[in-house]
Structure formats: C-alpha cells, structure tokens
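Please read the structure below before turning to the comments.
All heavy atoms count here, side chains included; hydrogens, waters and symmetry mates do not. Predicted model only: the values in this text are computed from it and were never measured.
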Amino acid sequence: MNNKEGAIVNTFIETMTERAKQCPKKVAFPETGNADILRTAQRTKELGIGFPVLMGNQEEIEAFAKENGIATDGFTYYDYTAEENRLALAEEYTAKHEDFSAKAVARKSKDPLRAALFLLKLHHVDCVAAGKEYSTGDVIFESIAIVGMQEGVESVSSLGIADIPGFDGPQGAMLALADCAITAQPDAKDLAGIAISSADTVSTLLGWDPRVAMLAFSTCGSSEHESIEVIREAIGIVRGSRPDIKIDGEFQLDSAIIPQVAERKVKWESDVAGKANVLIFPNLHAGNIGVKLIQIFGHANAYGPVLQGFAQPVCDFSRSAPVDEMLGNVAMLVLRAAAENLAENADNN
C-alpha cells in the first residue's frame, strides 16, 4: 500500500520505531547487492531497532557498501557462498528437522533467501526482511517451504492498517483490513486462517483487543448465497480452533463498524457488531477495491501490507519502496518477532 506524505504517516512509523527500540532483534537481509537494502540495514542499526545480519561474503558486501557511502558498523554476516558454512548449516538443520535432507539443505542454501530462512528456522536470526529483489511470489513460496505456516492457518495473507480521517471507531480513526493483496478466492479454511492471522497480528503489533468482522453483502442472513455459506463456515472454524478470538458475521460493512446500524440489523448479542476493528474481506476483489476506495475517497493513509500466516516473521518489501518505508516495515517485523519470542519463552517455561 502506498502511504501519503504527512505528519500522520510519520507519527505511526515513529511509534512503531520507538516500540521496536525496546526489543531489538536479529534481522536477516538476503538482498545485499541492493544499495537501498544496505541503507535500510544501516538505519536499522543506527536507530537501535535491530541487529542486521547480512547474507553473503563480508568483504564483498563492505566493498559495495563503501562504493555507495554506506556505513557497515555493527553488521554481522553469514557467508552462504562458503561451502563449509552450508555443510555446517545442513548438519545442524537435519539434526533438528526432518523435512529436508542434508544434501537438499546444502544445495538450497546456495540461495541467500533460502539460507536466511534456514537460519530463521534454527533461531539464529529472529526474522527475515526481503522483497526488494525477490518477487512476492518467491518470498511466499520459499517461506512456506522452509519455515512453514502458523498453527491453524492454511494460507498466507496480508494485513493493511488504515488511518481514516473522520472515522471514529474503537481504535479512533484506525482499522485493520485483510486480505488485500495475496489470496484471490479464499475458501472457508483460508478465510478462517486470514481471520486468525489478522487477529494475532493486530494484537502483537498494535496492542489491540481484536474484534474481527467477516464482511459480506448480507447481514445475519438477510440474503442467501453459496458464497455466504463459505463465510459462515469460516466463522465456525475460528470459533472451534481459537475461542479466544472475538469474531462474528456475516456483516455488511455498516453493521460491522456503525453501532446504530448494528443495533437495528444484528439479530443477536455481539462483541463485534458495530465495534469491529479488524475487517476480513470475502475475497481479493473486495479487499483491493475496498482499500483503494478509502484511500481515494476517504483520503486514508494505509500502512503495509504486513505479510502474515507464517510460523515465523517474514516481511516482503515493495520493489519500489523507499528506505523510510522499508525501515517502517522492519520496525513492525521486529515487534512481531519480539512477541513471538515472548510466546515461545512462555511455552517453554
């Protein structure tokens, strides 16, 4: 999503950055032949939001950085081009995981993105930031193959955060929207996974108590269509697997976010109706159109999209993203990694 310039955008990113400074994490950057990636890594270290781990040969990376006037103080390196490193990685990986053979790990880790994801799976880094050179499809495919999916989630999705002038909801002018960029025609299991991932993302990233509304052209059975059955089935899946998540629907948009409309249209007591802060679109057509409508006509600032659904945090930069935008993505990535580390430590105690 493109961000409008202005104080609101800067305030949001500054807030994410200040929070990330309290919990810096190791961030792997695979695309070290890109100057803007190195500038983002430099700023990550300077601001104290993370510890950059650069994938590649140290001498080559530092020579390239020097050519572009980029400081490399505080960088650490993992040289995936060295065979001994790949063989050691393969040995360690296969001692802990059985999904790839040692030969496969050694071969796959000749690619810097794959090598970074293996390091992530082994907890040598806390998150992976890519997408400036790799396509979104590459990032998603390799992340699914190596780090896998979050429990209860079957498909990758994206979450956008919108700041909408004039809107007054539970989080003021802000709403979370999903999926707006990845899954074109989700089935019930996909929609359930999108809802679960989105609830977890807004909870860990923004500190909200998520109230998830499943959007449709119907409210509480006011219309019937096979596509609405998919939404109802998804709600049932979420309630069965994650009863801690407040989720309801199917709701038309006004029933989801306007209390007076919800009072009139919604037939049951609901923790979500009229006060939703997370909106789940039924498909990518609706999601893409919805985001653009609020940006164009509502003059909303939109942040993201945040790539979600993986078992561990990975972000996908837009290829056209400037350094400041990528830095904001890294800050959000670090916050998600910190929350994941806390959850893992709690499970181990």
Item to check | side chain to side chain contact (heavy atoms under 4.5 Å, CB included) between Leu87 and Glu91, worked out | outcome: CA-CA 6 Å; Leu87 293 175; Glu91 181 179 358; over 6 Å; no
Checklist entry - Taking it one step at a time, do Ser158 and Asp179 satisfy side chain to side chain donor-acceptor pair (under 3.5 Å)? => result CA-CA 5 Å; Ser158 66; Asp179 173 18; 2.7 Å; yes
Item to check | Verdict with supporting geometry, Asp324 and Arg43, salt bridge (charged side-chain N to carboxylate O under 4.0 Å, His left out) | outcome: CA-CA 9 Å; Asp324 284 349; Arg43 295 288 290 142; 5.5 Å; no
Checklist entry - Could you go step by step and tell me if Arg39 and Asn68 meet the side chain to side chain contact (heavy atoms under 4.5 Å, CB included) rule? => result CA-CA 9 Å; Arg39 291 186 182 98; Asn68 288 276; 4.1 Å; yes
Checklist entry - Between Val202 and Leu159, is a side chain to side chain contact (heavy atoms under 4.5 Å, CB included) present by the stated rule, with each step listed? => result CA-CA 9 Å; Val202 301; Leu159 179 125; 4.1 Å; yes
Item to check | Derivation and outcome, side chain to side chain contact (heavy atoms under 4.5 Å, CB included), residues Gln22 and Arg19 | outcome: CA-CA 6 Å; Gln22 308 306 311; Arg19 287 180 56 206; 5.6 Å; no
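Formation of a donor-acceptor pair under 3.5 Å by the Ser101 side chain with backbone atoms of Ala104 is found in this model. The closest donor-acceptor contact from the side chain of Asn277 to the backbone of Arg211 lies under 3.5 Å. Ser203 contributes no side-chain N or O that, together with a main-chain N or O of Gly207, makes up a donor-acceptor pair within less than 3.5 Å.
In the displayed structure, Lys189 atom NZ is contacted under 6.0 Å by at most 12 heavy atoms of other residues, nucleotides or ligands. Counted within 6.0 Å of NZ on Lys132, heavy atoms from surrounding residues, nucleotides or ligands total more than 12; the atom is thus considered enclosed. Within 6.0 Å of the NZ atom in Lys66, the count of heavy atoms belonging to other residues, nucleotides or ligands does not exceed 12.
No hydrogens or angles considered: nothing links the side chains of His285 and Gln185 as a donor-acceptor pair under 3.5 Å. Side-chain atoms of Lys121 and Gln312 form no donor-acceptor pair, as typed in the model, at a separation below 3.5 Å. A donor atom on one side chain and an acceptor atom on the other are found under 3.5 Å apart for Ser270 and Asp248. With hydrogens and angles left out, the side-chain atoms of Asp316 and Thr136 include a donor and acceptor closer than 3.5 Å.
The cluster map of Ile, Leu, Val, Met, Phe, Trp and Tyr, joined by side-chain heavy atoms under 4.5 Å apart, puts Val105 and Leu122 in the same cluster. Linking Ile, Leu, Val, Met, Phe, Trp and Tyr whenever their side-chain heavy atoms come within less than 4.5 Å puts Phe75 and Leu327 in one cluster. Residues Phe64 and Leu54 fall within the same hydrophobic cluster, defined by Ile, Leu, Val, Met, Phe, Trp and Tyr side chains chained together at heavy-atom separations under 4.5 Å. Residue Ile146 is grouped with residue Ile144 when hydrophobic side chains (ILVMFWY) are merged at heavy-atom distances under 4.5 angstrom, including chains of intermediate members. Cluster annotation: Val147 is connected to Ile140 through the hydrophobic network of ILVMFWY side chains, with a link wherever side-chain heavy atoms come within less than 4.5 Å.
Considering all non-hydrogen atoms of both residues, Ala337 and Pro313 come closest at CA-CG, 3.7 Å. Pairing each heavy atom of Trp268 with each of Cys220, the nearest pair is CH2-SG, 3.5 Å. Nearest heavy atom pair, residue Asn283 against residue Ala184, reads CB-O, 3.3 Å. Counting all heavy atoms, side chain and backbone alike, Asn85 lies closest to Tyr78 at O-OH, 3.1 Å. Residue Arg319 comes nearest to Gly131 through the heavy atom pair CG-O, 3.5 Å, listed as atom of the first residue, atom of the second, then distance. A pairwise comparison of heavy atoms in Ile228 and Ser218 identifies CD1-CB, 3.4 Å as the closest pair.
Residue pairs that meet the salt bridge (charged side-chain N to carboxylate O under 4.0 Å, His left out) test with at least one member in residues 102-116, sequence neighbours left out, are Arg114-Glu142.
Ile49 CD1 to Lys25 NZ: the interatomic distance, rounded to the nearest 0.5 Å, is 13.5 Å. Taking CD from Glu154 and CG from Asp187, the interatomic distance works out to 7.0 Å, rounded to the nearest 0.5 Å. Here Phe310 contributes atom CZ and Leu117 contributes atom CG; the two are 8.5 Å apart, rounded to the nearest 0.5 Å. Phe29 CZ to Met326 CE: the interatomic distance, rounded to the nearest 0.5 Å, is 8.5 Å. The structure places CD1 of Ile164 at 4.5 Å from CG of Leu175, a figure rounded to the nearest 0.5 Å. Interatomic distance, Tyr80 OH to Met55 CE, rounded to the nearest 0.5 Å: 8.0 Å.
Just one residue in the list Glu60, Glu62, Glu59 forms a side-chain hydrogen bond (donor to acceptor under 3.5 Å, both in side chains) with Tyr77, and that residue is Glu62.
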Sequence neighbours left out, cut at 3.5 Å: what donor-acceptor pairs do the side chains of residues 194-201 make with other protein atoms?
from: Ser197; atom 1: OG; to: Gln150; atom 2: OE1; distance (Å): 3.4
from: Ser197; atom 1: OG; to: Gly193; atom 2: O; distance (Å): 3.0
from: Ser198; atom 1: OG; to: Ile194; atom 2: O; distance (Å): 2.7
from: Ser198; atom 1: OG; to: Gln308; atom 2: NE2; distance (Å): 2.9
from: Asp200; atom 1: OD1; to: Arg242; atom 2: NH2; distance (Å): 2.9
from: Asp200; atom 1: OD2; to: Gln150; atom 2: NE2; distance (Å): 2.6
from: Asp200; atom 1: OD2; to: Arg242; atom 2: NH1; distance (Å): 3.1
from: Thr201; atom 1: OG1; to: Ser197; atom 2: O; distance (Å): 2.9
from: Thr201; atom 1: OG1; to: Gln308; atom 2: OE1; distance (Å): 2.7

Tabulate below the donor-acceptor pairs under 3.5 Å that side-chain atoms of residues 329-336 make, not counting sequence neighbours, or state none.
from: Arg336; atom 1: NH1; to: Leu307; atom 2: O; distance (Å): 3.2
from: Arg336; atom 1: NH2; to: Leu307; atom 2: O; distance (Å): 2.7

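Ion pairing of Arg232 with Glu229 is present here, as a side-chain N (NZ or NE/NH1/NH2) and a carboxylate O approach within less than 4.0 Å.
Looking at Asn57 and Ile61, their side chains never come closer than 4.5 Å, going by heavy atoms from C-beta outward. Taking the side chain as every heavy atom from C-beta outward, Leu119 and Leu89 approach each other to under 4.5 Å. Residues Phe167 and Ile257 have side chains in contact (heavy-atom distance under 4.5 Å, counting atoms from C-beta outward). Residues Pro52 and Val27 are not in side-chain contact: their nearest non-hydrogen atoms beyond the backbone lie 4.5 Å or more apart. The closest side-chain heavy-atom distance from Met174 to Phe12 is below 4.5 Å. Within the 4.5 Å cutoff, the side chain of Ile280 has heavy atoms near those of the Leu191 side chain. No side-chain heavy atom of Val272 sits less than 4.5 Å from a side-chain heavy atom of Ile247. Residues Thr17 and Lys21 form a side-chain contact, since some pair of their non-hydrogen atoms from C-beta on lies under 4.5 Å apart.
Residues passing the ring-ring contact (aromatic ring centres under 6.0 Å, His included) test with Phe118, sequence neighbours excluded: Tyr93, Phe100. Residues passing the side-chain contact (heavy atoms from CB on, under 4.5 Å) test with Glu133 are Glu31, Asn34, sequence neighbours excluded. Taking the side-chain contact (heavy atoms from CB on, under 4.5 Å) definition, one finds that Phe141 meets it with nothing, sequence neighbours left out.
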